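Note: hydrogens, waters and symmetry copies are ignored here, and every other heavy atom, side chains too, is used. In this text the structure is predicted, and so the values were computed from the model without any measurement.
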Amino acid sequence: FSEENAGRPGLLQSIEPRLKLIGLFGLLLSAALVHHVVVVLGLYLATLALAQRSSISMSFFIKRVWLFIPIFTGIVVLPATFNFITSGHIVVPLGHWFGHRVGLTSEGINSAVLIVSRVATSISLVVLMTLTTPWAKVLGALRGLRVPKIFIMVLGMAYRYVFHLLGSVDDMYTARRARTVNLDSNVSTGRAFVAATAGATFGKAHALSTEVYMAMVSRGYTGDAHSTDRFVVRRPDIVWIVGCAVAAVVAIGVDRGLV
């Protein structure tokens, strides 16, 4: 998706990747430091505004963010809303269980909403980075910020070849279906197939990593990947980094003022 959206005219597509990464990381850090839901929601709305200015479909962006992780987080933190986990004023009574009054407390609900909104804002910022920057430029920006090269190489290789390995697993499953008359066999046969598939996938991954490494060495790889992109700071980049710094300071300042 990043390659598809990176070619469209938009705000973030024109920002230098390293400065874009620094700015979004600053907003991400500020979202993690604030303690009031209103401030976090303000940062989330700012993220939506950035996505719209970057020519990203709002429906696609919101569904991509809220499809799984924030909803899953809400399910995880749901028990914390009960009064036997988080004590406080009960706003949603649920009767009496085993002789004790049970309900949802305002303190628990506020904490749960804060966590979910933090997760949603953080994921939105990360997705915004990936949708407006080609993957190669993301890795180049990380390398330019002195992230350890071994981490970048592992990340790049994993992203590139995980889909190839998933395709191999799908091919093995399709081959089994094509050669099996009765798929409703006993559980032990299914477990044996899963174990054999896992072993074969591990062997393919090891062989593939060896072949890729030898191919890289034969083409001049010496342990570091070099990028041809030049680091050039322009006026939009300066406006972007200053704007992110001001937004982060204002968010933290407003949050401290609400204490």
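Scored by the side-chain contact (heavy atoms from CB on, under 4.5 Å) test, V212 finds M157, Y161, L208, M216 as partners (sequence neighbours excluded). Qualifying side-chain contact (heavy atoms from CB on, under 4.5 Å) partners for A112, counting only residues two or more places apart in sequence or in other chains: V77, T81. Remark: F61 pairs with no residue by the ring pair (Phe, Tyr, Trp, His ring centres under 6.0 Å) rule, at least two apart or across chains. Legend: residues meeting side chain to side chain donor-acceptor pair (under 3.5 Å) with S218, ordered by chain and number and at least two apart, are absent. Under the side-chain contact (heavy atoms from CB on, under 4.5 Å) criterion, V249 pairs with no residue at all, not counting sequence neighbours. For F151, there are no ring pair (Phe, Tyr, Trp, His ring centres under 6.0 Å) partners at least two apart in sequence or on another chain. For I90, the side-chain contact (heavy atoms from CB on, under 4.5 Å) test picks out N83, P93, R101, T105, with sequence neighbours left out.
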Taking only distance into account, with no hydrogens and no angle test, what donor-acceptor pairs under 3.5 Å do side-chain atoms of residues 231-238 form with protein atoms, sequence neighbours excluded?
| from | atom 1 | to | atom 2 | distance (Å) |
| --- | --- | --- | --- | --- |
| R234 | NH2 | S14 | O | 2.5 |
| D237 | OD1 | E16 | N | 2.9 |
| D237 | OD2 | R234 | N | 3.0 |

Enumerate donor-acceptor pairs with a distance under 3.5 Å from any side-chain N or O in residues 20-33 to protein atoms, sequence neighbours excluded.
| from | atom 1 | to | atom 2 | distance (Å) |
| --- | --- | --- | --- | --- |
| K20 | NZ | L12 | O | 2.9 |
| K20 | NZ | T132 | O | 3.1 |
| K20 | NZ | T133 | OG1 | 2.7 |
| S30 | OG | G26 | O | 3.4 |
| S30 | OG | L27 | O | 2.7 |

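V126 and L145 fall into different hydrophobic clusters, where Ile, Leu, Val, Met, Phe, Trp and Tyr side chains are chained together by heavy-atom contacts under 4.5 Å. V239 and L50 fall into different hydrophobic clusters, where Ile, Leu, Val, Met, Phe, Trp and Tyr side chains are chained together by heavy-atom contacts under 4.5 Å. Cluster membership check: V65 shares its hydrophobic cluster with I62, using side-chain heavy-atom separations under 4.5 Å among Ile, Leu, Val, Met, Phe, Trp and Tyr.
Pairing each heavy atom of M172 with each of A200, the nearest pair is SD-CB, 4.0 Å. Nearest heavy atom pair, residue L43 against residue A251, reads CD2-CB, 4.0 Å.
At a threshold of 4.5 Å between non-hydrogen side-chain atoms, the residues T210 and Y213 do not count as touching. Within the 4.5 Å cutoff, the side chain of T201 has heavy atoms near those of the T197 side chain. By the 4.5 Å heavy-atom criterion applied to side chains, L128 and I56 are counted as neighbours. In this structure, the side chains of V119 and F72 stay at 4.5 Å or more apart for every pair of heavy atoms. Contact annotation: the side chain of L165 never approaches that of V169 to less than 4.5 Å [non-hydrogen atoms, C-beta and beyond].
Taking OG from S57 and NZ from K63, the interatomic distance works out to 7.5 Å, rounded to the nearest 0.5 Å. Atom CG of L41 is separated from atom CG of L45 by 6.5 Å, given to the nearest 0.5 angstrom. Rounding to the nearest 0.5 angstrom, the gap separating the CG atom in L131 from the OG atom in S55 is 12.0 Å. Between atom CH2 of residue W135 and atom CG of residue L155 there is a gap of 4.0 Å, rounded to the nearest 0.5 Å. We find the OG-CD distance between S111 and E107 to be 8.0 Å, quoted to the nearest 0.5 Å. With rounding to the nearest 0.5 Å, the separation of CD1 in I109 from CG in L114 is 13.5 Å.
Hydrophobic cluster membership for F202: none, as no Ile, Leu, Val, Met, Phe, Trp or Tyr side chain comes under 4.5 Å of it. I150 belongs to a hydrophobic cluster whose other members, connected by ILVMFWY side-chain contacts under 4.5 Å either directly or through intermediates, are V154.
Between the side chain of R64 and the backbone N or O of F60 there is no donor-acceptor pair closer than 3.5 Å. In this structure a side-chain-to-backbone donor-acceptor pair under 3.5 Å is missing from W240 to I15.
With H35 as the partner, the side-chain contact (heavy atoms from CB on, under 4.5 Å) test is satisfied by one option alone out of V40, D255, I252: D255.
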inquiry  = Between D170 and L166, is the side-chain contact (heavy atoms from CB on, under 4.5 Å) condition met? List the steps.
reply    = CA-CA 6 Å; D170 182 68; L166 288 175; over 6 Å; no

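Residues in residues 42-52 take part in these side chain to side chain donor-acceptor pair (under 3.5 Å) pairs, two or more places apart or across chains: Y44-W66.
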